[in-house]
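Written out below as structure tokens is the structure these notes cover.
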Amino acid sequence: MPTADELLSADTVTTLARVLARSGGRRNAPALTARATALDGLTYSGRVAAVRDAVLADLPEDWPAFEAVVRTALAEPRFAGWMTFPVNEAVAVRGLKVFEPGLELLHDLTSRLTAESAVRPFLRADPDRALAVVRKWTDDPDPHVRRLASEGTRPRLPWAPQLPAFVADPRPALPVLDALHRDASEYVRRSVSNHLNDISRDHPALAVETAARWLAEPADTTDRVVRHGLRTLVKAGRPEALTLLGHAPDVPVTVRGPVVTTPRVTVGEYLVFDYAVTNTGELPVELVIDYVVHHTKANGTRTPKVFKLVTRPLAPGETLSGTKRHSFKPITTRRYHSGEHLVQLQVNGRVRGEAVFALDAG
């Protein structure tokens with residue numbers, strides 16, 4: 001993963017200063033030039049905010065003049081990539097007062113990287129007014145713009161502020177997804193899937209209902225869009241999602257395992273277990289096999305985490321078997337604690353077997 005310095009480096013900000021100065025900003029872009037040498041210690045989001053403020057200082061305050069500088073910069077090939085991100089954020093500050101022209105400038109900027117974060121202040125300030133513009137983007141010839149319509153309206157975009165109105169009720173943005181779920185671009189369709197997955201976290205029934213509607217008149221790509229969009233519900237074992245995707249929760253199988261072959265694991269090592277699943281029915285079955293690790297917390301309680309194992313059909317009488325190595329390598333997003341842990345096999349959303357093992361966190 002690139003570091004903050006690699007994404008928005010001193011050289012990048014210096015180049016941005018030169019581009020904006022040549023495009024009609026303040027002579028020599030003093031605020032940006034100074035900021036380029038004062039980025040150390042800032043996170044990526046901190047750098048974006050600091051560079052955004054420098055852009056605002058170096059560009060005119062009135063909207064027409066501000067917009068003219070940015071549009072002149074768009075003619076400069078060097079104005080691309082991560083340097084455009086804080087400019088987008090500056091557009092969100094200045095453009096919110098004029099609204100539609102601000103959104104249209106983001107429409108033109110998004111192909112240089114993405115304006116998915118910068119459109120969100122508009123959607124938070126006036127969802128109906130912003131959506132009236134965003135819905136038009138679903139017909140745009142540029143896939144970057146079409147993706148912006150879906151990605152920018154995601155209720156829970158991970159790297160940007162949430163959209164509380166759409167978390168509470170995502171239906172106003174559904175016409176955007178309806179227009180784009182069969183898009184010719186995989187780049188756009190993947191955003192639609194991720195948007196549907198956001199919806200599923202707060203409104204699972206609506207997500208399944210939407211997916212079912214798309215599957216009723218599918219394109220060749222619809223199944224993949226839906227599967228990725230319902231992935232959180234599948235991992236959670238939600239029967240309505242599994243049934244829609246053809247993975248009946250009451251599938252006729254017998255399960256052996258998980259058979260743990262490493263009953264004591266030290267952090268940095270692997271949990272290893274064997275498993276076997278047999279189709280005991282008379283028809284082929286579609287299986288989603290996951291495993292769940294229940295991590296012991298400092299207070300002795302456990303929290304489950306679902307991991308993908310395999311998705312595949314199984315013929316009558318066929319047995320699928322294998323060995324899984326699960327890493328307990330230290331990671332920044334999880335703190336391990338010593339104690340008895342649990343691992344389970346989950347077949348089509350239902351737990352079919354479990355075993356305990358001990359973890360030594362040192």
Side-chain angles (χ1 to χ4, degrees), residues 1 154-159 162 167 190 193-204 207-208 226-243 245 247 249 251 253 255-277 286-312 320-362:
M1 183 69 180
R154 283 180 58 180
R156 295 182 175 274
L157 188 65
W159 42 87
Q162 293 182 5
V167 170
R190 178 53 62 105
S193 290
N194 289 333
H195 191 143
L196 184 65
N197 189 57
D198 279 5
I199 293 172
S200 77
R201 296 179 184 278
D202 303 292
H203 304 274
V208 172
V226 166
R227 287 183 182 278
H228 193 65
L230 299 183
R231 64 190 183 277
T232 295
L233 297 183
V234 169
K235 290 176 71 173
R238 294 293 295 247
E240 64 271 38
L242 287 158
T243 299
L245 296 175
H247 307 296
V251 63
V253 295
V255 177
R256 182 180 67 85
V259 178
V260 172
T261 58
T262 53
R264 181 168 293 276
V265 182
T266 300
V267 169
E269 298 178 343
Y270 289 87
L271 165 70
V272 182
F273 63 86
D274 299 327
Y275 65 91
V277 180
E286 295 286 338
L287 299 184
V288 175
I289 305 175
D290 302 321
Y291 67 99
V292 189
V293 177
H294 293 255
H295 298 90
T296 296
K297 299 167 64 176
N299 63 5
T301 62
R302 293 173 178 158
T303 57
K305 173 69 175 177
V306 181
F307 299 90
K308 302 304 297 181
L309 195 54
V310 63
T311 299
R312 58 157 288 184
L320 170 67
S321 60
T323 298
K324 178 62 183 178
R325 289 164 52 89
H326 176 82
S327 174
F328 274 94
K329 180 180 178 181
I331 55 176
T332 57
T333 55
R334 182 178 298 279
R335 182 178 179 184
Y336 295 116
H337 298 277
S338 297
E340 188 176 82
H341 287 49
L342 182 71
V343 59
Q344 298 174 321
L345 278 183
Q346 182 172 284
V347 180
N348 287 12
R350 291 190 176 176
V351 173
R352 297 284 189 150
E354 63 183 40
V356 297
F357 65 97
L359 181 69
D360 183 3

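We're numbering straight along the sequence, starting at 1.
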Considering non-hydrogen atoms only, spot the tightest contact between [X] and [Y] and give its length.
X: Leu345; Y: Phe273; result: CD2-CE1, 4.2 Å
X: Arg156; Y: Gln162; result: NH1-NE2, 2.9 Å
X: Thr262; Y: Val272; result: OG1-N, 2.9 Å
X: Pro304; Y: Val292; result: CB-CG1, 3.7 Å
X: Asn197; Y: Ser200; result: O-OG, 2.6 Å

Side chain to side chain contact (heavy atoms under 4.5 Å, CB included) assessment of Lys235 paired with Lys308: CA-CA 8 Å; Lys235 290 176 71 173; Lys308 302 304 297 181; 4.0 Å; yes

Could I get the full list of ring pair (Phe, Tyr, Trp, His ring centres under 6.0 Å) partners for His326, not counting sequence neighbours? Tyr291, Phe307, Phe328

Side chains of Leu320 and Ile289, heavy atoms from C-beta outward: is any pair under 4.5 Å? yes

Side chains of Val267 and Pro330, heavy atoms from C-beta outward: is any pair under 4.5 Å? yes

In Å, rounded to the nearest 0.5 Å, how long is the span from [atom1] of [X] to [atom2] of [Y]?
X: Asp198; Y: Leu157; atom1: CG; atom2: CG; result: 7.5 Å
X: Arg154; Y: Leu196; atom1: CZ; atom2: CG; result: 10.5 Å
X: Leu342; Y: His295; atom1: CG; atom2: NE2; result: 11.0 Å

Would you please name every residue forming a side chain to side chain contact (heavy atoms under 4.5 Å, CB included) with Thr243, sequence neighbours left out? Pro249

All side chain to side chain contact (heavy atoms under 4.5 Å, CB included) counterparts of His247, not counting sequence neighbours: Arg227, Leu242, Leu245, Glu286, Val288, Thr311, Asn348

Decide if atom NZ of Lys305 counts as having more than 12 heavy atoms of other residues, nucleotides or ligands within a radius under 6.0 Å. no

Indicate yes or no for a side-chain donor-acceptor contact from His341 to the backbone of Gly339 under 3.5 Å, with no hydrogens or angles considered. yes

Go through the steps to decide whether Ile331 and Tyr336 satisfy the test side chain to side chain contact (heavy atoms under 4.5 Å, CB included), and finish with yes or no. CA-CA 9 Å; Ile331 55 176; Tyr336 295 116; 4.3 Å; yes

Apply side chain to side chain donor-acceptor pair (under 3.5 Å) to Glu240 and list each qualifying residue two or more places apart in sequence or on a separate chain. Arg238

According to salt bridge (charged side-chain N to carboxylate O under 4.0 Å, His left out), does anything in residues 332-342 pair up with another residue at least two apart or in another chain? List the pairs. Arg302-Glu340

Expected list for residues 351-362: side-chain donor-acceptor pairs under 3.5 angstrom, two or more places apart:
residue, atom, partner, partner atom, Å
Arg352, NH2, Val251, O, 3.1
Glu354, OE1, Gln344, NE2, 2.9
Asp360, OD1, Gly362, N, 3.0

